[in-house]
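Below: one structure, written as structure tokens.
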Amino acid sequence: MDITINGSRYDLEVDARTTLLDALREHLDLTGTKKGCDHGQCGACTVQLGERRVLSCLTLLASVREPVTTIEGLSPDDGVLHPVQQAFIDQDAFQCGYCTPGQVMAAVGCLEEGHADSDDEIREYMSGNLCRCAAYPRIVAAVRQARDAAMRDSD
Ligand code: FES
Ligand code: FES
């Protein structure tokens, strides 16, 4: 199966039942994307598929037709972090960090979808991403910071 991930093309020979999450973690060593529940309940496995955020544990590799972006491919190669990554650091929006890659990818999607106008809206559109450490207030603050930075950049 041909697939483009973070700008690189891969040809994978895997079982037809392989999920995108297992392809990333088990076959491509892209372990930044986390497996939490493996049942679509926690958001830890969130990646971008084309312009959309998806749960990679519920996405069959064989169904993937668009380029995939994972947490490893979010920032450019020059070492500068994506604004959402930087906001999570600035706002100290994690504790153990296990949910963080999924939170960051979901936040990127939330912002690109235009669903970050208020804290309530951020909470609603980030509600599919659970955090066992309950870092939710700081995660909302990080999304807010990234939103405000994007608005300043567009002025
Ligand atoms: Fe995919 Fe939990 S691992 S939603
Ligand atoms: Fe620990 Fe979210 S930071 S689960």
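Numbering of ligands and ligand atoms starts at 1, following listing order. Throughout, numbering of the chain's residues begins at 1 and tracks the sequence.
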Requested in this report: Within a distance under 4.0 Å of any heavy atom of Cys42, pick out the atoms of ligand 1 and give their elements.
Outcome: 2 (Fe), 3 (S), 4 (S)
Requested in this report: Identify, for atom 4 (S) of ligand 2, the protein heavy atom at the shortest distance, and state residue, atom and that distance.
Outcome: Arg132 N, 3.2 Å
Query - atom 1 (Fe) of ligand 1 reached by Cys57 (N, O or S, under 2.8 Å) - result: yes
Query raised in the report: With a 4.5 Å heavy-atom cut-off, do Leu21 and Lys34 have their side chains touching?
Result: no
Query - Numbering as shown, the atoms of ligand 1 that approach Gly36 to under 4.0 Å (heavy-atom distance) - result: 3 (S)
Report task. List every atom of ligand 1 that sits less than 4.0 Å from any heavy atom of Cys37, numbering the atoms from 1 in the order shown and giving each element. Result -> 2 (Fe), 3 (S), 4 (S)
Query raised in the report: Can you list the atoms of ligand 2 that are under 4.0 Å from a heavy atom of Cys133?
Result: 1 (Fe), 3 (S), 4 (S)
**Report entry** Euclidean distance, Asp29 CG relative to His27 NE2, rounded to 0.5 Å
**Finding:** 10.5 Å
Query raised in the report: Between Glu66 and Arg52, is the closest basic N to carboxylate O distance under 4.0 Å?
Result: yes
Requested in this report: Show which atoms of ligand 1 fall inside a sub-4.0 Å distance from at least one heavy-atom site of Gly40.
Outcome: 4 (S)
Query raised in the report: Is the Lys NZ or Arg CZ of Arg123 less than 6.0 Å from the centre of Tyr136's six-membered ring, within 45° of the axis?
Result: no
Query raised in the report: What are the atoms of ligand 1, with element, lying closer than 4.0 Å to any heavy atom of Asp38?
Result: 2 (Fe), 3 (S)
**Report entry** Carboxylate-amine/guanidinium contact Arg147 Asp117, below 4.0 Å
**Finding:** no
Report task. May I ask you to check if any N/O/S atom from Cys45 comes under 2.8 Å of atom 1 (Fe) of ligand 1? Result -> yes
Query raised in the report: With atom 2 (Fe) of ligand 2 at the apex, how many degrees lie between SG of Cys131 and SG of Cys99, rounded to 10 degrees?
Result: 110°
Report task. Output the list of atoms in ligand 2 that are nearer than 4.0 Å to some heavy atom of Gln95, sorted by atom number. Result -> 3 (S)
Query raised in the report: Gly97 heavy atoms, cut-off 4.0 Å: which ligand 2 atoms fall inside?
Result: 1 (Fe), 3 (S)
Query raised in the report: Is it true that Arg53 and Glu113 make a salt bridge, defined as a side-chain N closer than 4.0 Å to a carboxylate O?
Result: yes
Query raised in the report: So, the side chain of Tyr10 versus the backbone of Leu28: is there a donor-acceptor pair under 3.5 Å, distance only?
Result: no
Query raised in the report: Side chains of Arg25 and Thr31: do they bring a donor and an acceptor to under 3.5 Å?
Result: no
Requested in this report: Taking only heavy atoms of Gln41 into account, list the atoms of ligand 1 that are under 4.0 Å away from them.
Outcome: 4 (S)
Requested in this report: Could you pull out the closest heavy-atom pair between Ile139 and Met126, with the gap in Å?
Outcome: CG2-CE, 4.2 Å
